[in-house]
Amino acid sequence: MKQGYDFFTDVYDVVRQIPAGRATSYGAIAAYLGSKRGARMVGWAMSSGYTEHGLPAHRVVNKQGELSARHLFETPTTMQERLESEGVEVKDGRIQHWEKYFWDPEKELS
DNA sequence: CGGCTGACGAAAA
DNA sequence: CTTTTCGCCAGCC
């Protein structure tokens with residue numbers, strides 16, 4: 001349990017623990033942090049320093065498994081290519097078999 | 001301090 | 001299916 005840090009730190013810490021070939025959602029992270037409605041803060045926190053912290057941001061998508069953040073990467077295809085490279089099926093900016101790739105921090109991380 | 005914004009989410013229409 | 005609305009909360013102007 002990581003608590004006692006800033007919201008950012010908590011987000012970064014969880015994202016870093018996402019295993020390759022898996023992905024989680026902003027809402028799941030927010031819920032894990034205690035603010036289940038603070039999903040926006042999660043994405044915002046990452047956009048604020050994902051590149052600085054070397055976070056695997058491509059492994060964090062929205063609840064629908066959509067690569068909503070690809071427009072922030074170097075190219076609109078970077079996120080998808082990176083996920084596919086890790087074994088995740090992505091089609092039209094959306095993860096296929098999302099429920100099977102979904103990595104829930106509350107469940108996997110305890 | 002007030003208002004706006006945002007890689008979201010869920011519900012309502 | 002689309003569009004709207006509300007909630008959440010930190011950062012910025």
inquiry  = With side-chain contact (heavy atoms from CB on, under 4.5 Å) as the criterion, how do A:R16 and A:D13 come out once you've worked through the C-alpha distance, each side chain's angles and the decisive distance to 0.1 Å?
reply    = CA-CA 5 Å; A:R16 281 198 203 92; A:D13 199 43; 4.0 Å; yes

Do any N or O atoms of the protein come closer than 3.5 Å to N or O atoms of nucleotides 8-11 of chain C, and which pairs are they?
{"from": "C:dC8", "atom 1": "O2", "to": "A:R37", "atom 2": "O", "distance (Å)": "3.2"}
{"from": "C:dC8", "atom 1": "N3", "to": "A:R40", "atom 2": "NH1", "distance (Å)": "2.6"}
{"from": "C:dC8", "atom 1": "N4", "to": "A:R40", "atom 2": "NH1", "distance (Å)": "3.0"}

Exercise. Across the strands shown, which category fits A:A57 at heavy-atom distances under 4.0 angstrom: base, sugar-phosphate, nothing?
Worked result: base

List the steps, then state whether side-chain contact (heavy atoms from CB on, under 4.5 Å) holds for A:V61 with A:W98. CA-CA 10 Å; A:V61 297; A:W98 171 227; 3.4 Å; yes

Residues of residues 59-75 of chain A with a heavy atom under 4.0 Å from any atom of DNA chain B, listed by number, are A:V60, A:N62, A:K63, A:S68, A:A69, A:H71, A:L72

For A:R94, look at atom CZ and say whether over 12 heavy atoms of other residues, nucleotides or ligands are found less than 6.0 Å away.
no

Using the rule given for side-chain contact (heavy atoms from CB on, under 4.5 Å), can you reason through A:H58 versus A:T78, listing the C-alpha separation, both sets of side-chain angles and the distance that settles it, and then say yes or no? CA-CA 8 Å; A:H58 56 283; A:T78 303; over 6 Å; no

Determine the interatomic distance between C1' on C:dC13 and the same-named atom on B:dA7; round to the nearest Å. 22 Å

Path from [X] to [Y] over hydrophobic side-chain contacts below 4.5 Å:
X	Y	result
A:V88	A:W103	no
A:L72	A:V42	no
A:L55	A:M41	yes

State, yes or no, whether a side-chain contact exists between A:I95 and A:L67 at a heavy-atom distance under 4.5 Å. yes

With a 4.0 Å cut-off (strictly under) to non-hydrogen atoms of chain A, the first and last hit nts on DNA chain B, 5' to 3', are B:dG6 to B:dA10

Open item on the list: Could you go through A:Y32 and A:D104, starting from their C-alpha distance and side-chain angles, then the distance that decides it, and tell me whether this counts as side-chain contact (heavy atoms from CB on, under 4.5 Å)?
Closed with: CA-CA 9 Å; A:Y32 174 69; A:D104 187 345; 5.9 Å; no

In short, A:Y26 meets A:S68 closest at the heavy-atom pair OH-OG, 3.6 Å

